[in-house]
Amino acid sequence: MEKKSFEILDVTLRDGSHAMSHAFTPGQVRDTARALDAAGVRYFEVSHGDGLGGSSLQYGLSAHDELELIEIAADECKQAEVSVLLIPGIGVKGDLQNAVKAGAKMVRVATHVTEADVAAQHIALGRELGLKTVGFLMMSHMAPTAKIVEQAKLFESYGAEVVYVTDSAGYMLPQDVTERISALKQSIGCDIGFHGHNNLSMAMANTVAAVEAGATFIDGSLRALGAGSGNTQTEVMVAVLERLGYETGIDLYKIMDAANDVVTPYMPRPQEITGSSLVMGYSGVYSSFLLHTQVAAKRFGVDERDILLELGRMKAVGGQEDLIYDVAQGIAVRN
Ligand SMILES: C[C@H](O)CC(=O)C(=O)O
Ligand SMILES: [Mn+2]
């Protein structure tokens with residue numbers, strides 16, 4: 001069996017927060033963290049879906065204090081380490097310092113794919129605090145490969161130890177992933193990661209393409225719990241990678257039990273590719289817009305897909321959640 005050459009990072013307790021309307025309970029976090037740790041997952045992420053400080057009217061209020069959730073998760077870790085996501089401006093330096101006090105050992109500083117330069121201070125702080133520090137390029141489908149290389153070099157120059165290509169919209173096809181990861185492999189010296197969404201049913205194929213092109217960090221979530229149609233499904237990824245000859249270091253039965261016995265009972269709905277999430281993948285819309293779009297469509301009596309197609313045409317990016325309501329209202333007026 002080929003030696004493990006990558007880390008699987010589970011995002012159930014962060015990307016899944018979008019699908020849970022940011023309402024994870026302390027008990028759900030404790031049980032999920034315990035199960036991930038027992039299965040051998042080395043890193044898993046805990047935060048509001050939009051990262052530290054995300055609890056707000058714009059992004060959705062958290063039902064429970066995220067620092068408390070991070071602490072609960074960290075207390076369950078015998079070998080795993082808790083990661084937090086931070087989008088500069090939504091999360092501030094004090095949020096990261098507090099997360100470290102609560103037990104976080106890794107930070108992923110996320111920016112829109114063309115805006116890596118806003119992350120310099122947060123990446124430097126991550127290193128100062130002794131965290132494993134990662135740069136996370138969201139909506140990577142929106143930039144050509146040369147731009148991604150340029151932005152990844154910025155992250156690396158600020159001190160990032162891993163740079164992620166993030167398919168936030170679930171828009172990419174395997175060849176898009178191969179092209180981007182291969183270009184990064186030739187241009188930067190730090191580790192490379194991939195985070196996928198399943199809106200076009202491509203998350204697993206894209207993840208395999210990423211590993212084969214040289215990614216050394218790959219994300220998944222249990223039962224695919226995440227924004228839009230969810231993420232690459234962690235327990236399936238373990239099985240697929242083992243079938244491909246990799247040693248993942250994760251116990252397949254234990255990770256399946258974590259998914260089916262711990263996560264499934266609290267999922268608000270099955271993680272499916274619906275008409276709306278399919279349109280997100282097709283037109284390149286940020287996956288975390290899904291539930292906001294459903295609320296806006298109901299409020300203005302319009303078709304969710306029309307809102308999403310328009311947002312795709314407008315090239316809306318994360319942080320523009322209020323635009324969803326403007327677009328829905330505009331469609332209602334035109335109808
Ligand atoms: C804040 C986003 O939900 C980060 C992420 O997981 C993505 O862009 O995808
Ligand atoms: Mn995501």
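Scope of the values below: all heavy atoms of this structure, side chains included, with no hydrogens, waters or symmetry mates. When a ligand or atom number is given, it counts from 1 through the structure's own listing order.
Of all non-hydrogen atoms in Val41 and Ala80, the two that sit nearest each other are O-CB, 3.2 Å. Between Met139 and Ala316 the shortest heavy-atom distance is CE-O, 3.8 Å.
For ligand 1, the atoms sitting less than 4.0 Å from at least one non-hydrogen atom of Gly49 are 1 (C), 3 (O), numbered in the order shown with element in parentheses. The Asp15 neighbourhood of ligand 1 comprises atoms 6 (O), with distances under 4.0 Å to a heavy atom of that residue. Residue contact check: Phe136 has heavy atoms under 4.0 Å from atoms 4 (C), 5 (C) of ligand 1.
Counting just the N/O/S atoms of His197, the one with the shortest distance to the Mn ion (ligand 2) is named NE2.
Contacts between Asp167 and ligand 1 below 4.0 angstrom, taking non-hydrogen atoms only, are absent altogether. Contacts of His195 with ligand 1, taken as heavy-atom pairs under 4.0 Å, involve the side chain alone.
Counting protein heavy atoms only, atom 8 (O) of ligand 1 is closest to Ser168 OG, 2.7 Å. Annotation: atom 2 (C) of ligand 1 to nearest protein heavy atom, Tyr286 OH, 3.2 Å.
Distances shorter than 4.0 angstrom occur between a heavy atom of Ile87 and an atom of ligand 1.
One finds no salt bridge joining Arg180 and Asp167 here, because no Lys/Arg side-chain nitrogen approaches an Asp/Glu carboxylate oxygen to under 4.0 Å.
A tilted orientation is assigned to the rings of Tyr171 and His141, their planes being inclined by 30° to 60°. Between His48 and His22, the ring planes are parallel. Angles under 30° get that label, and only those over 60° would be called perpendicular.
Inspection of the Thr32 and Tyr266 side chains reveals an N or O donor paired with an N or O acceptor under 3.5 Å. Thr133 and Arg127 are not linked by any side-chain donor-acceptor pair at a separation below 3.5 angstrom, with hydrogens and angles left out of the test.
When His18, Met138, His197, Arg14 are checked for heavy-atom proximity to atom 6 (O) of ligand 1, Arg14 turns out nearest.
Two residues are said to be in side-chain contact when any heavy atoms from C-beta on lie closer than 4.5 Å; Tyr282 and Met280 fail this criterion.
In this structure, OD2 of Asp15 and NE2 of His195 enclose an angle of 90° at the Mn ion (ligand 2), rounded to 10°.
Considering backbone and side-chain atoms together, Thr166 places no N or O closer than 3.5 Å to any N or O of ligand 1.
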